[in-house]
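We number each residue from 1, following the sequence as shown. If you're wondering where the values come from, they're calculated on a predicted model, not measured in any experiment.
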Amino acid sequence: MSALEAYQTQLVDDSLSVGALKFGSFTLKSGRISPYFFNAGLISTGPLLNSLCSAYAHAIAKALTRPGPTQLPKFDVIFGPAYKGISLAAITAVLLHTQHGTDVGFAYDRKEVKDHGEGGRMVGVPVAGKRVLILDDVMTAGTAVRGALDMIREAGGDVVGVIMALDREEIGREGGSAVKELEKELGGEGRVQAILRMRDLIAWLKDKERHEDIANMQAYWEQYGVKE
């Protein structure tokens with residue numbers, strides 16, 4: 001496992017400081033007992049949002065310039081699914097411009113269709129005929145992302161990739177990887193990117209010599225982790 005980059009380490013440290021990332025024992029919606037838990041909703045101050053969205057922007061910029069078949073395709077619009085993804089995608093669009101010289105549009109959806117004013121469910125830059133990158137926080141089964149994918153396609157957009165804060169790198173109930181299945185649907189390897197993966201959290205724990213947490217994470221990986 002390679003060493004983390006500065007923006008990844010900063011995000012882990014900041015997330016731990018407010019309890020957005022915790023190590024321990026947590027029951028997931030799937031019923032699995034996880035040794036860690038991540039809740040992006042607790043990242044809710046200016047400095048913390050800057051840390052998270054700077055990490056999104058760094059990860060996107062890196063993926064756009066990565067040589068080889070895992071390079072993220074260029075895109076025109078970053079899409080934040082309601083509600084949590086709206087602010088994160090907006091801030092990330094700003095930071096892509098100010099920190100990386102990458103200028104893209106921003107769009108999001110409403111939970112309820114608006115029947116007055118401009119109407120409709122989609123807000124922001126029109127996605128019709130545009131290449132779209134979906135921003136998400138954590139992917140397990142990929143249900144939220146697939147909902148956004150269907151909505152964007154219905155509006156005439158072409159989803160070329162997904163960026164998430166954390167890839168849990170877990171197998172689903174059917175024994176496959178939700179990320180790998182989505183990548184295949186979107187065009188191949190590299191279409192789903194993440195700031196952090198479970199293996200990165202293990203690397204961080206090893207650097208801190210947190211041996212009990214390392215053992216719990218590795219046991220969970222052996223049981224549920226996606227094997228290359």
Side-chain angles (χ1 to χ4, degrees), residues 3-24 26 34 36-65 72 75-112 114 118 121-125 127 132-140 144-145 147-148 151-152 161-168 192-198 200-201 203-205 207-208 210 213:
L4 272 64
E5 295 195 39
Y7 70 89
Q8 294 173 305
T9 300
Q10 185 69 51
L11 180 58
V12 173
D13 292 342
D14 288 345
S15 298
L16 283 167
S17 73
V18 293
L21 174 64
K22 295 180 179 180
F23 295 99
F26 309 91
S34 173
Y36 72 107
F37 188 74
F38 181 74
N39 178 10
L42 294 177
I43 299 178
S44 54
T45 67
L48 291 170
L49 286 167
N50 182 65
S51 176
L52 174 56
C53 294
S54 289
Y56 272 123
H58 274 286
I60 291 168
K62 182 179 178 181
L64 285 170
T65 57
L72 180 69
F75 62 97
D76 309 300
V77 180
I78 187 165
F79 181 87
Y83 291 105
K84 196 181 297 181
I86 297 174
S87 59
L88 299 181
I91 298 168
T92 300
V94 173
L95 294 175
L96 280 170
H97 168 69
T98 58
Q99 296 182 355
H100 302 280
T102 298
D103 296 336
V104 296
F106 158 63
Y108 63 95
D109 65 303
R110 298 186 179 96
K111 289 285 189 182
E112 302 83 19
K114 187 177 179 182
E118 75 277 16
R121 191 171 177 185
M122 303 283 281
V123 186
V125 172
V127 300
V132 182
L133 178 73
I134 297 173
L135 183 147
D136 197 17
D137 53 356
V138 182
M139 183 184 295
T140 304
V145 167
M151 191 186 321
I152 293 164
V162 175
I163 177 73
M164 68 185 91
L166 176 64
D167 177 3
R168 292 184 60 92
V192 179
Q193 302 282 339
I195 301 169
L196 294 166
R197 300 168 298 171
M198 184 179 180
D200 296 321
L201 297 182
W204 184 90
L205 289 168
D207 185 61
K208 302 297 182 182
R210 293 175 54 163
D213 289 325

Next item on the list: Starting from the C-alpha separation in whole Å, work towards a yes-or-no answer on side chain to side chain contact (heavy atoms under 4.5 Å, CB included) for Gln8 and His58.
Entry: CA-CA 9 Å; Gln8 294 173 305; His58 274 286; over 6 Å; no
Next item on the list: Show your working on side chain to side chain contact (heavy atoms under 4.5 Å, CB included) between Tyr36 and Asp213 and close with a plain yes or no.
Entry: CA-CA 9 Å; Tyr36 72 107; Asp213 289 325; over 6 Å; no
Next item on the list: Please report the C-alpha distance between Ile91 and Asn50 in whole Å, then the side-chain angles of each, then the deciding distance to 0.1 Å, and finally whether the side chain to side chain contact (heavy atoms under 4.5 Å, CB included) criterion is met.
Entry: CA-CA 8 Å; Ile91 298 168; Asn50 182 65; 6.0 Å; no
Item checked: Intermediate values then yes/no, side chain to side chain contact (heavy atoms under 4.5 Å, CB included), Ser34 and Arg168 -> CA-CA 10 Å; Ser34 173; Arg168 292 184 60 92; 2.8 Å; yes
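Taking 4.5 Å as the limit, some side-chain heavy atom of Asp137 sits within range of a side-chain heavy atom of Tyr56. Using a 4.5 Å cut-off on side-chain heavy atoms (C-beta onward), Leu72 and Leu133 make contact. Proximity of Ile195 to Asp200: side-chain heavy atoms (C-beta onward) are nowhere separated by under 4.5 Å. Counting heavy atoms from C-beta outward, Leu201 and Leu166 have side chains that approach closer than 4.5 Å. At a threshold of 4.5 Å between non-hydrogen side-chain atoms, the residues Lys62 and Gln193 do not count as touching. Considering only heavy atoms from C-beta on, Ile43 comes within 4.5 Å of Phe38 through its side chain.
Distance alone, capped at 3.5 Å, places no donor-acceptor pair between the Asp167 side chain and the Arg197 backbone.
Rounded to the nearest 0.5 angstrom, Gln99 CD and Cys53 SG are separated by 10.0 Å. Distance check: Arg121 CZ to Arg110 CZ gives 10.5 Å after rounding to the nearest 0.5 Å. With rounding to the nearest 0.5 angstrom, the CG atom of Asp207 is 8.5 Å from the CG atom of Leu4. Rounded to the nearest 0.5 angstrom, Leu52 CG and Ser15 OG are separated by 7.0 Å. Here Ile163 contributes atom CD1 and Leu88 contributes atom CG; the two are 11.5 Å apart, rounded to the nearest 0.5 Å. Note that OG1 of Thr102 and CD1 of Ile78 are 10.5 Å apart. Values are rounded to the nearest 0.5 Å.
The two residues Ala40 and Lys84 have their closest heavy-atom pair at CB-CD, 4.1 Å. When all heavy atoms of Asp14 and Ser51 are compared, the pair lying nearest together is OD2-OG, 2.8 Å. For Phe79 against Ala148, the heavy-atom pair with the smallest separation is CE2-CB, 3.9 Å. Between Val125 and Ala107, the shortest heavy-atom distance links the atoms O-CB, 3.6 Å. The shortest heavy-atom contact between Leu21 and Leu16 is O-CD2, 3.1 Å. Among all heavy-atom pairs drawn from Ala57 and Thr92, the shortest one is N-CG2, 4.0 Å.
Relative orientation of the Trp204 and Phe23 rings is parallel, given thresholds of 30° and 60° on the angle between their planes.
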